There are 2 protein chains.
Amino acid sequence: MDKERKAKDDEATAQERPTLKTLAFMTGLGVTTVSRALKDAPEIGAETRRRVQLVAKQIGYRPNRAGVRLRTGKTNVISLVLNTEHELMSFVSDIIYGVTEVIADTPYHLIVTPYSRSQDPLDPVRYLVETGSADGVIISRTQPNDPRARYMLERGIPFATHGRTDMGLVHPYHDFNNYAFAAEAVRHLAGLGRRRLALVTPPVGLSYYRHTVNGFADALSEVGASEVPFNTVSIDHSIEQIRTRTAQLMRRDIRPDGIISSAAAATLAIVAGIEDAGLKLGRDVDVVSKQSSELLHLFRHELLVVNEDFRLAGSELARSVLGWIGGAAPGSLQSLSEPKGVVAYRRSD
Amino acid sequence: MDKERKAKDDEATAQERPTLKTLAFMTGLGVTTVSRALKDAPEIGAETRRRVQLVAKQIGYRPNRAGVRLRTGKTNVISLVLNTEHELMSFVSDIIYGVTEVIADTPYHLIVTPYSRSQDPLDPVRYLVETGSADGVIISRTQPNDPRARYMLERGIPFATHGRTDMGLVHPYHDFNNYAFAAEAVRHLAGLGRRRLALVTPPVGLSYYRHTVNGFADALSEVGASEVPFNTVSIDHSIEQIRTRTAQLMRRDIRPDGIISSAAAATLAIVAGIEDAGLKLGRDVDVVSKQSSELLHLFRHELLVVNEDFRLAGSELARSVLGWIGGAAPGSLQSLSEPKGVVAYRRSD
DNA sequence: CGTGACAGCTGTAACGTTTCAGTATATTCC
DNA sequence: GGAATATACTGAAACGTTACAGCTGTCACG
């Protein structure tokens, strides 16, 4: 028996990656004891525990993810589900950084699960759940009645949504207060004397479309301004489409003297359209736009902006998912980010 | 024995995720046979093979990643290593989509491994290799003498770099021909009669810094134009810094009449700086800029652009890594993307 | 008819981890 | 002094997969 033991442990001592067996040999303990000592189980003596942890640190022991995952089902993976056609560029980049920031000192890895225009958005989620590929999921482009959220809720897999749902179901989310954004934008434009306002909306069908439209409508009647309907485009449309349709709009007899845009890229096209129609920003029309990086004021200093922080969104979403995985109540993991107000830049900036 | 078998297989037939055991029971074969049948091993009868594969498809069998990984060490993971501070926004987004596009119909997952300013860029790579977390790695911000490439080459882990190295070591890469970009930009500006050119470089130390500078210098002497040194900024600097230093530069007696910019975000700042100095784009100075999304011409129609396709880069890099994993020679997995020429936009566009 | 080759299949072990059901020794209680 | 209890540890089994060695039956060959 002693001989056997030695043979086995010689193997274990080779310069391969250390495992529990390696640690067990080095400390003279059993594999079970080592395993429990590393997770601070109460039935292990204080000194043994310290000894094991010291040795583990010394030789750089790292639990084998596959072993853990096979045994426990725990993947230590968070998956971010992204649409490969319609996400905003800055959104992808910033939200990823926000998420990684939070999971950096956890054992979690971030995997990006894409889906394309042609696919059912439920597909990637179903894949993740069915294959048990992640402990938690983050989704964007949330809809009021979102089948993905419903599905994950049924299956009991922790997730968080960027944007709220409206199905009477409770789950973690992070959202930007787009109602407040639109309302503040309207008020600001009204303050500048603008009375005929148009809105370039988020994609119809997503939750924040409604929020934005409602904020717009409520503030319009509050300040007594009127809407110039502009339903032919949303920020999901191509730059070209937004540009030409904005130009068409601005050439009409009754054209808006104020435009509110829900995304920076769309704003570039809107401004181009305005100028195509021979009008001047700041004189003939004012534009308030959301932006996620501080670039629009370089584009046209007359632009009025409201900042939305996607990195913060990523962090909050990651925190929510981890919280749910950690056993917190889903209802306690919801957050709403308030717009910081409309910002104007002076020429001298 | 028959009883035993039945008991075991009843378990296996429960509505849990199907495993090889489930398939073995359903087909009446052994687990080994099923395993081999699914991977088209030659020693399995043609009919058996078809039968197993049919049943597997029917019940939606998916191999358990943890099982495979534990047994074989194969992770089916590609890791994209990103700097969380200095990557271009569009780069992150597009390269991710490029990669996911290629791995979409493979068993591979994409994990994003971040590192920050304060960290040694080797850290994340070392982590990946030591923990065996990925079958292949993609890195960006490649340096002529890149410790990460050297390290991975030593350890024998497949990888691809965005940008070339210059260490006499051969490995897969994808690169944009920044030498050609800079040279074409110089020639184009010279063609417009511009004779005093400045260059806003990539980050000093990265491989494409040298390529760009060389292309710039060679073309300068070719066309007989001169350089106005502008070494105080690179595209890694903040928008503010680039803007103010450009303004300073443009207020000097000997100021450039042509500027070449290696990134779109920097270009916004450059133009702002030019205008801060009271000069007009297209009249006093022309600017040629790289861009990765078609937005700069909306910003100022006078801007001259060269397009770099990061989504393509992502796809190529993914293909390279998969190729290397699949046994192809690293030297055969290198690609260089040529600039498509300087593009000008007419006002009417 | 015995031998060898071969096709087609199977059982066992192992990857690294955690959980379950213990065991041995010391401590407490009546 | 004996039983109960607590403390500190241990071996075996299992998660799902693949590699290895081996088994059985068929067929051709001499």
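Chain naming here is simple, since letters A, B, ... match the order of the sequence lines and numbering starts at 1 in each. All values reported here derive from a predicted model rather than from experimental measurement.
Aromatic ring orientation, B:F310 versus B:H162: perpendicular (interplanar angle above 60°, classes split at 30° and 60°).
Proximity of A:T32 to the phosphate of D:dC9: no side-chain N or O atom is located under 4.0 Å from OP1 or OP2. A sub-4.0 Å separation between OP1 or OP2 of C:dC9 and a side-chain N or O of B:T48 is present. At D:dT10, one or more side-chain N or O atoms of A:T33 fall inside 4.0 Å of OP1 or OP2 (strictly under the cut-off).
B:S133 approaches B:T131 most closely through the heavy-atom pair OG-OG1, 2.6 Å. Considering every non-hydrogen atom in both A:A24 and A:G30, the closest pair reads CB-C, 3.9 Å.
Rounded to whole angstrom, the span from the CZ atom of B:R65 across to the P atom of D:dT18 amounts to 13 Å. Protein atom CG of B:L20 is 13 Å distant from nucleotide atom P of C:dT10, rounded to whole Å. Atom-to-atom, CZ of A:R69 to C1' of D:dT17 comes out at 13 Å; the value is rounded to the nearest Å. In this structure, B:Y61 places its OH atom 7 Å from C1' of D:dG16, rounding to the nearest Å. Atom CG in A:N64 sits roughly 14 Å away from atom C1' in D:dT17 (whole-Å rounding). Taking atom CG of B:L38 as the reference point, atom P of C:dC9 lies 13 Å away to the nearest angstrom. In this entry the distance linking CZ of A:R36 with C1' of D:dC9 reads 10 Å, nearest Å. We find that NZ of A:K21 is positioned 7 Å from P of C:dG16, with the value rounded to whole Å.
Listed nucleotides C:dC9, C:dT17, D:dT17 differ in distance to B:L29; the shortest reach to its side chain belongs to C:dC9.
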| task | List the steps and the verdict of side-chain hydrogen bond (donor to acceptor under 3.5 Å, both in side chains) for B:S93 and A:S93. | result | CA-CA 6 Å; B:S93 166; A:S93 166; over 6 Å; no

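Residue whose closest nucleotide on DNA chain D sits further toward the 5' end, between B:A66 and A:V34: A:V34. In this structure, B:R49 and B:R71 both approach DNA chain C, and ranking their closest nucleotides by distance from the 5' end singles out B:R49.
Heavy atoms of B:I44 sit under 4.0 angstrom from primed sugar atoms or phosphate atoms, though from no base atom. Residue-level contact check: A:T72 touches the backbone only, with heavy atoms under 4.0 Å from sugar-phosphate atoms and none from bases.
If you check the side chains of A:Q334 and A:D175, you find no donor sitting under 3.5 Å from an acceptor.
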